[in-house]
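Structure first, then comments.
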Amino acid sequence: MGNYCQKHCGTLQPYVPCCYPSTSEDKRTSYIADSIVISNPMVQPPVNLQPSQPVARAPAQRASLSSKFYVALYDYQARTTEDLSFKAGELLEVINGEDTQHSGWWHARALGSAHRKEGYIPSNFVAPFKSIEAEPWFFRDLKRMDAEKQLLYPGVEAGAFLIRDSETQRGDYSLSVFDGTSVKHYRIKRLDTGEYFVARKKTFLDVTALVEYYKRYQDGLCVRLGQPCEKKEVPEPFGLSYKTQDEWEIDRNSLRLLKKLGSGQFGDVWEGMWNNTTPVAIKTLKPGSMERKDFLREAQIMKKLRHPKLIQLYAVCSLEDPIYIITELMRHGSLQQYLQNDGGESIKVQQQVDMAAQVAAGMAYLESQNYVHRDLAARNVLVGEHNVYKVADFGLTRILKVENENAYEPVADKKLPIKWTAPEALQFNKFSVKSDIWSFGVLLYEIVTYGKMPYVGLTGAQVLQKLEKGYRMPRPPNCPLELYQIMLDCWKKSPEERPTFETLRWQFDDFFEQNESYFDSNTFVG
Ligand code: ATP
C-alpha cells in the first residue's frame, strides 16, 4: 500500500497526484463520481456522488450512501474461482449476502474496473462507502500505545497520522500525529449540536471534513496532517472461502503439506497450502488420538467461535486417518518458543503486557460464549506478524486422548497439565471459566519469565500438595508488582474471587495508560 493509490483507483500511481489530492475533498469526491458506473438499473447511484462543496456534508447524507456500496480496506487475492480479487480502496457493490447467514462472505461486483467482475468477497475486508470505517486513516480499536509503537515511530514522515477511538472517553475520537520527533494525541470532541472539533474555534460536520481541513492548514496543530498510517494488520477472512463455510469437510487433495513446523503430543503440525492459493497450518492427528464423532461434535462448536484473538479453525479432513485440522497459519509459532528464543533480549514489559492483553481479549470472548478452554498455556498461544497473539487449541483437551508429555501428568484416569490447572479442576473435575483464569495466571508467569517452566523442580503431585497449603509461586525477578498482583488474583483459592477475563482485559489495556486529556489540552495550541 504505502504511498500508492490503492485507496481510490487501485493503480500503482503515486498516491497524491493520482486521485486523492490531500488538500481537496471536492476533488476526491469528483474522482469517485467519475469512476462509478452503475450497471444495475434497480440500483440508484448514490445521491451525492457529485462534486460537492469542500466543507463537510451532513451526517445523515453520508449514511444514505452506505447501503450497497462498500470500499475495500485491504487488498484481497481470490482463493477460488468463485472469489473476487480487489485492491484496497476499490469500490464494490454488494449484490447479495449482507443479511444472509453467510455473513462472512458477500457476493459483490467490482465497480472500479472496466471488466465489472463479480464474485465472493470476505465481508471483513470492506466498509460502507463514505463511512468513517472506509477512511484510510481510521483505526477503530487501535490503542494509543500501539499507535505510538507500531505506526508512528521515528522514521515515518512528519505529518503521518491516524484517528482512533478515544480510550478514555467513549464515543470520542483521538487524532494521533507524528510531528517528526514525537507523537502527539488530540482529542476530537463534539458539540451538543454534533459538530466535531479539536479547537472549538473551528468545527466540522464530520471527521472527514476535519481531516481535510488540517491537511490544508496547520492552524495550531503541531504539524499539518500528511499521509495516513499504513494499515498493516490485515484481518483473516471468515473461513477459507464462501463454500467452506458450510462444507466443513474438505478434500485432502486440496492441501499440500510444505514444511513441518513442530510436533505436539497429538501429532505433527505442518505449514501447508490450500487450493494452491492459501497458506494454512495443518495439524495431523496421530491415529487413535480422538474419536471421530467426538471431534466432529466439538468442531461444530469450535468453528462458530470467531474472534481476532482466537485461532480460526478453517476445515477438517476427518474421513480417514490421519485426521487433519486446518487452521490459520501463525508465522512465529508458539508463544512459549517465542519467549524462550528471546529470553529478554528484545521483549520488554510493554510487549509482555500487550501479549497478556491480547490473550485476555480472546479469552474474554470465550468467557462471553461460556466456553471453557481447559488448556490455556504459552504453548497454546501462537504468534503472528506485527506482534499479534492468538489463543489456540481451545476445547481440544476435552476430546483428545492425552499421551505422555512433560506438561501433562496423570490425574485419576486422565492426563492433565497439572501445573496450569486449577486445584478444583484437578480434584473435582470442576472446569470453568474460573479454572481458565487460574491457567491464565500461570501463562502470565510464563510471559514474565520468558517461557520458564512453572514450579520448576517440583512434580505435579508436589505442586498440588503445596497449593492446598496456600503456597503460590513467588514474584519472578523484574516482574512489576502490579503484574504479580494480577497473578495472585488469578490464583485465589475460591474460584468466585478470581477476576473475569473481561476485567483482566481492561486492566492490561489500561496498564500504561496515562491521562490522555493531559495531552489533549497541552499539545494543542489553537
Ligand atoms: P501440545 O500438544 O501439548 O498442545 P503444542 O501446542 O506445542 O503442545 P501442537 O499444537 O501440536 O503442540 O503444535 C506443535 C508446534 O507446531 C507448536 O509449538 C508451534 O510451534 C507449531 N504450530 C502449531 N499450530 C500452529 C499454527 N497454527 N501456525 C503456526 N505454527 C503452529
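Just so you know, ligand 1 is whichever comes first in the structure, and atom 1 is the first atom listed for that ligand. Heavy atoms only: backbone and side chains are in, while hydrogens, waters and symmetry mates are out.
- For Lys348, the NZ atom is densely surrounded, since the number of other residues' heavy atoms within 6.0 Å is greater than 12.
- By the criterion of a heavy-atom distance under 4.0 Å, the side chain of Lys283, and not its backbone, is placed next to ligand 1.
- Residue Val269 approaches ligand 1 through these ligand atoms, each under 4.0 Å from one of its heavy atoms: 9 (P), 11 (O), 13 (O), 14 (C), 16 (O), 22 (N), 23 (C), 24 (N), 25 (C), 31 (C).
- Counting only residues at least two apart or on different chains, the salt bridge (Lys or Arg N to Asp or Glu O under 4.0 Å) pairs with a member in residues 462-485 are Glu468-Lys493.
- By the 30° and 60° cut-offs, the orientation of the rings of Tyr455 relative to Tyr471 is tilted.
- A salt bridge links Glu133 with Arg140: at least one charged nitrogen is closer than 4.0 Å to a carboxylate oxygen.
- Heavy-atom minimum distance, Arg252 versus Pro322: NH1-O, 2.9 Å.
- Of the polar atoms of Ser263, none of the N or O atoms is found under 3.5 Å from an N or O of ligand 1, judged by distance alone.
- Applying the 4.0 Å criterion to heavy atoms of Glu328 picks out, from ligand 1, the atoms 26 (C), 27 (N).
- Under a 4.0 Å criterion applied to the non-hydrogen atoms of Thr327, ligand 1 contributes the atoms 27 (N).
- Residue Asp375 has no nitrogen or oxygen atom sitting less than 3.5 Å from a nitrogen or oxygen atom of ligand 1, judged on distance alone.
- With Glu90 contributing its side chain and Ala72 its backbone, the two residues share no donor-acceptor pair below 3.5 Å.
- Among Gly264, Gly262, Ala281, Ser334, the residue whose heavy atom lies closest to atom 19 (C) of ligand 1 is Ser334.
- Counting heavy atoms only, Met330 comes closest to atom 28 (N) of ligand 1 of the residues Glu271, Met330, Gln337.
- Not a single donor-acceptor pair under 3.5 Å links the side chain of Asp321 to the backbone N or O of Lys286.
- The part of Asp393 lying near ligand 1 is the side chain, judged by heavy-atom distances below 4.0 Å.
- The closest approach between any non-hydrogen atom of Leu261 and ligand 1 is below 4.0 Å.
- When the side chain to side chain donor-acceptor pair (under 3.5 Å) test is applied to Lys303, no partner is found at least two apart in sequence or on another chain.
- When heavy-atom distances to ligand 1 are checked against a 4.0 Å cut-off, Leu382 comes that close only through its side chain, counted from C-beta outward.
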